[in-house]
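These notes are about the structure you will find just below.
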Amino acid sequence: MKITNSSGHNIPISKVQNSISSLPLIVITGPTASGKSSLAIRLAKKWGGEIICADSRTVYKDMNIGTAKPTKSDRKIVKHWLLDVVKPGSRFTVYDFKQLAQEAIKDIVSRDKIPFLVGGTGLYIDSVVLNFVFGPDADLDRREQLESLTVDQLITLHEKHHIGLPENYKNKRYLIRSIEKYNSNQSVNYSINPNTYVIAISTEKKELLDRISERADTIFGDKLLRETQQLKNRYGFENEAMTGNIYKIVDQLLSGDITLEEAKQLFVTKDWQLAKRQITWLRRHDWVQWKTLSEAEQYFDHILRNFRDGVS
RNA sequence: GCUGGGAUAGUGAAGCGGUCAAACACGACAGACUGUAAAUCUGUUGGCUUAUGCCUUCGUAAGUUCGAAUCUUACUCCCAGCA
């Protein structure tokens, strides 16, 4: 029996299964600007790995500077997956991410390389590591119907069917989700896949703030301005890919509503808020281990040495 | 120097005699979150051994009043116009 991997080569299934069971999945996550990416590149280079970017913004084409996407030279050192997979404005969800990430993992493992799942989008990490099960496509139609209802109507629907309201009962998405959950009677899995090592990079608050401000200083330049202008011309600001991040701030700067200093400050604030939300997300999982950059490096060196020596 | 406007919690900004520890926005802090998650949403945000309780706040000082962030007077500082 043969299966086909994403690059079209036939590989014997026995080897796939074998490899999947013997090679670890290395997961490096943490807040923005914590230094995940460079650590991952170092480790992947050293131990023969490839990086799958678990980042909800770097999946978009043409969003490079503003998303701090790994550069071309980064990508020469180590192969990066899941960058530039869709255009801003296209629908790209966790579902898509999980499919693509799993294909990538299979491919990587089939060549006896080690998959590194790296990024700050906690939901994306979870979808792989907890092996999310999504409802059938038919559910999407139903979801569309539900989306046309108001928050109040959704709450009424909950009461009518005696469904408990979610904690986020003023948030439409979660009202819909709780109805779906009720209908699917699918149990949600919160235990992590075997052979998966998840580290979140921890930093002192002060240090992370400093790193974020430094990044603001280096990122605000002509390239960023040009990129923003191009994105605006090509895709507009209406799509979700462009929300809540740096591009809106740069747009204000371009139209002269704010000064450069104000723009940088706004960006630092936004990034800090993002970092806090990321940390909050990661904190709720007991299988996430927090380590500093150097602790994480040692830890993974140790694990990977054992795997490569066949000690596992 | 004269005339007018203004000084309110971390910031911006309402309030213009009682129902004001003081709206609202932002920020800050905490939290939720399996189909666009860098999204979306929630709670707290003067102090106190967390209390339908007490205390200290609305530039500073004094006064009017049963009662003042709100009225009066003086002072300090800001801003605009005139000198």
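Chain A is the first sequence line, chain B the second, and so forth, proteins listed ahead of strands; every chain is numbered from 1.
- Under the Watson-Crick or G-U wobble criterion, with both distances below 3.5 Å, rA22(B) has no partner in any strand shown.
- Rounded to the nearest Å, the gap between the P atom of rU57(B) and that of rU3(B) is 33 Å.
- Checking Tyr124(A), Phe134(A), Phe132(A) one by one against Tyr95(A), the ring-ring contact (aromatic ring centres under 6.0 Å, His included) holds for a single residue, Phe134(A).
- rA13(B) sits 24 Å from rG18(B) when the P atoms are compared, rounded to a whole Å.
- rC71(B) and rG63(B) make up a base pair, with Watson-Crick or G-U wobble contacts both under 3.5 Å.
- Taking the ring axis of Trp281(A) as reference, the NZ or CZ atom of Arg284(A) stays within 45° of it and closer than 6.0 Å to the ring centre.
- In this entry the distance linking CZ of Arg283(A) with P of rG31(B) reads 5 Å, nearest Å.
- Following rounding to the nearest Å, Asp126(A) (CG) and rC33(B) (P) show an atom-to-atom distance of 11 Å.
- For Arg284(A) and rC33(B), the shortest distance from a side-chain N or O to OP1 or OP2 is below 4.0 Å.
- A salt bridge links Arg42(A) with Glu297(A): at least one charged nitrogen is closer than 4.0 Å to a carboxylate oxygen.
- Pairing partner, rA30(B): rU42(B), with both Watson-Crick or wobble hydrogen-bond distances short of 3.5 Å.
- The residue Arg142(A) sits apart from the nucleic acid: no heavy atom pair falls under 4.0 Å.
- Taking atom P in both rU8(B) and rA14(B), the straight-line distance is 11 Å, to the nearest Å.
- For Tyr174(A) against rC41(B), no side-chain N or O and base N or O form a donor-acceptor pair under 3.5 Å.
- Ionic pairing of Asp251(A) and Lys232(A) is present here: one or more N-O contacts between side-chain nitrogen and carboxylate oxygen are shorter than 4.0 angstrom.
- Each of Gly120(A) and Lys170(A) was matched to the nucleotide of RNA chain B holding its nearest heavy atom; the match closer to the 5' end belongs to Gly120(A).
- Checking rG31(B), rU36(B), rU34(B) against every side-chain atom of Thr280(A), the shortest atom distance belongs to rG31(B).
- Residue contacts shown for Gly89(A) are absent, as no nucleic acid heavy atom lies under 4.0 Å away.
- The interatomic distance linking Asp55(A) (CG) with rA37(B) (P) rounds to 10 Å, in whole Å.
- Spacing of P atoms, rG43(B) relative to rG35(B), comes out at 22 Å, to the nearest Å.
- Within 4.0 Å (heavy atoms only), Phe132(A) reaches at least one base atom of the nucleic acid.
- Using Watson-Crick or G-U wobble geometry with both donor-acceptor distances under 3.5 Å, rG53(B) finds its partner in rC48(B).
- Rounded to whole angstrom, the span from the CG atom of Leu82(A) across to the P atom of rU36(B) amounts to 17 Å.
- Ranking rA39(B), rC41(B), rU34(B) by closeness to the Asn171(A) side chain, first place goes to rC41(B).
- For the P atoms, the distance from rG47(B) to rA30(B) is 16 Å, rounded to whole Å.
- To the nearest angstrom, P of rA39(B) lies 19 Å from CD1 of Ile176(A).
- In this entry rC16(B) has no Watson-Crick or G-U wobble partner, no candidate having both defining distances under 3.5 Å.
- Pairing of rG4(B), defined by two Watson-Crick or G-U wobble distances under 3.5 Å, is identified with rC79(B).
- One C1' atom belongs to rG63(B), the other to rU70(B), and the distance between them is 15 Å to the nearest Å.
- Dashed line: the shortest gap from a side-chain N or O of Arg173(A) to OP1 or OP2 of rA32(B) is not under 4.0 Å.
- Contact annotation: Arg143(A) side-chain N/O to rG35(B) OP1/OP2 distance is under 4.0 Å.
- Taking the charged nitrogens against the carboxylate oxygens, Asp84(A) and Lys69(A) do have a contact shorter than 4.0 Å, which makes a salt bridge.
- Salt bridge absent: Arg305(A) and Asp301(A) never bring a charged side-chain N and a carboxylate O closer than 4.0 Å.
- For rA39(B), the OP1/OP2 oxygens have a side-chain nitrogen or oxygen of Arg277(A) closer than 4.0 Å.
- A cation-pi arrangement is present between Lys79(A) and Trp81(A), with the terminal nitrogen or guanidinium carbon under 6.0 Å from the aromatic centre and inside a 45° cone about the axis.
- Atom CG of Leu282(A) and atom C1' of rU34(B) are 16 Å apart (whole Å).
- Across all strands shown, Ser127(A) has no heavy atoms under 4.0 Å from either base or sugar-phosphate atoms.
- Within a 6.0 Å radius of NZ in Lys172(A), more than 12 heavy atoms belonging to other residues, nucleotides or ligands are found.
- If you measure from atom CD of Glu240(A) to atom P of rU40(B), you get 7 Å, rounded to the nearest angstrom.
- Taking atom P in both rU45(B) and rG10(B), the straight-line distance is 15 Å, to the nearest Å.
- Taking atom P in both rG59(B) and rA69(B), the straight-line distance is 10 Å, to the nearest Å.
- Within 4.0 Å of Tyr124(A), counting heavy atoms only, lie sugar-phosphate atoms of the nucleic acid but no base atom.
- Among the protein residues, Asp271(A) comes within range of no part of the nucleic acid, since none of its heavy atoms lies under 4.0 Å from any strand.
- In this structure, Lys172(A) places its NZ atom 19 Å from P of rU34(B), rounding to the nearest Å.
- Using a 4.0 Å heavy-atom criterion, one finds that Thr32(A) contacts no nucleic acid atom at all.
- When each of Thr93(A) and Gln273(A) is assigned the nucleotide of RNA chain B with its nearest heavy atom, Gln273(A) is the one assigned upstream, toward the 5' end.
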